[in-house]
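Not measured: the values here are computed from a predicted model.
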Amino acid sequence: MTTRGKIWVVVGIAVLILAGVVYWGVSRENEKADTQESVVTSSCVQDLGRKLNGITSSTPLDVIDIAYDRTTTVTTGTFRNPLESGNPEYTFECNKLSHTADFERVDPGN
């Protein structure tokens with residue numbers, strides 16, 4: 001094997017090792033982001049429940065849909081309050097950075 005061939009083999013191995021390290025790093029960051037998303041969405045729903053039903057209430061909200069935007073750390077969605085008659089729907093938005101949890105009742109006429 002020529003010197004040029006040996007260099008290409010070494011370069012190829014180095015590229016494979018580097019690709020493996022990058023893939024591992026990206027996978028770890030995705031796992032961290034998934035964990036953060038889970039914690040933030042759960043915390044948001046708990047904050048909404050306390051805000052809606054009182055600080056001592058342990059009744060969980062009936063979450064219809066929920067979405068988390070990783071770039072803005074804003075959680076949005078829709079829920080029902082099982083403590084209210086008629087199961088009214090609410091839309092909500094929680095912002096992790098500003099520590100807000102807001103909701104608004106959906107008008108059934110729309």
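Among residues at least two apart or in separate chains, there is no salt bridge (Lys or Arg N to Asp or Glu O under 4.0 Å) pair with a member in residues 12-26. Residue pairs meeting the side-chain hydrogen bond (donor to acceptor under 3.5 Å, both in side chains) criterion with at least one partner in residues 40-49, sequence neighbours excluded, are D47-R50. Applying the disulfide bond (SG atoms under 2.5 Å apart) test to pairs two or more places apart or on separate chains, none has a residue in residues 2-39.
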One pair to check against side chain to side chain contact (heavy atoms under 4.5 Å, CB included): N53 and L61. What are the steps and the verdict?
CA-CA 10 Å; N53 298 324; L61 300 175; 4.0 Å; yes

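Taking S38 as the reference, nothing meets the side chain to side chain donor-acceptor pair (under 3.5 Å) condition, with sequence neighbours excluded. Every residue two or more places apart in sequence or in another chain that forms a side-chain contact (heavy atoms from CB on, under 4.5 Å) with I13 is listed here: V9, I17. For D62, there are no side chain to side chain donor-acceptor pair (under 3.5 Å) partners two or more places apart in sequence or in a different chain. Contacts of V10 classified as side-chain contact (heavy atoms from CB on, under 4.5 Å), with partners at least two apart in sequence or in another chain: none. With sequence neighbours excluded, the residues satisfying side chain to side chain donor-acceptor pair (under 3.5 Å) with T72 are D69.
Applying the side-chain contact (heavy atoms from CB on, under 4.5 Å) test between Y68 and each of T73, V74, T76 identifies T73 as the sole match.
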For residues 89-99, run the donor-acceptor check on the side chains, cut-off 3.5 Å, and write out each pair with its distance to 0.1 Å, sequence neighbours left out.
residue, atom, partner, partner atom, Å
E89, OE2, R80, NH2, 3.0
Y90, OH, E84, OE1, 3.2
Y90, OH, E84, OE2, 2.4
N95, OD1, L97, N, 2.8
N95, OD1, S98, N, 3.3
S98, OG, T100, OG1, 3.2
H99, ND1, K96, O, 3.4

Mind listing the side-chain donor-acceptor pairs of residues 21-36 below 3.5 Å, one per line with the distance, residues two or more places apart or on another chain?
residue, atom, partner, partner atom, Å
S27, OG, Y23, O, 3.0
D34, OD1, R70, NH2, 2.1
T35, OG1, E31, O, 3.0

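Hydrophobic clustering (side-chain heavy atoms under 4.5 Å, transitive across Ile, Leu, Val, Met, Phe, Trp, Tyr) keeps V45 apart from V40. When the side chains of ILVMFWY residues are joined at heavy-atom separations under 4.5 Å, either directly or via intervening members, F79 and I66 end up in a single hydrophobic cluster.
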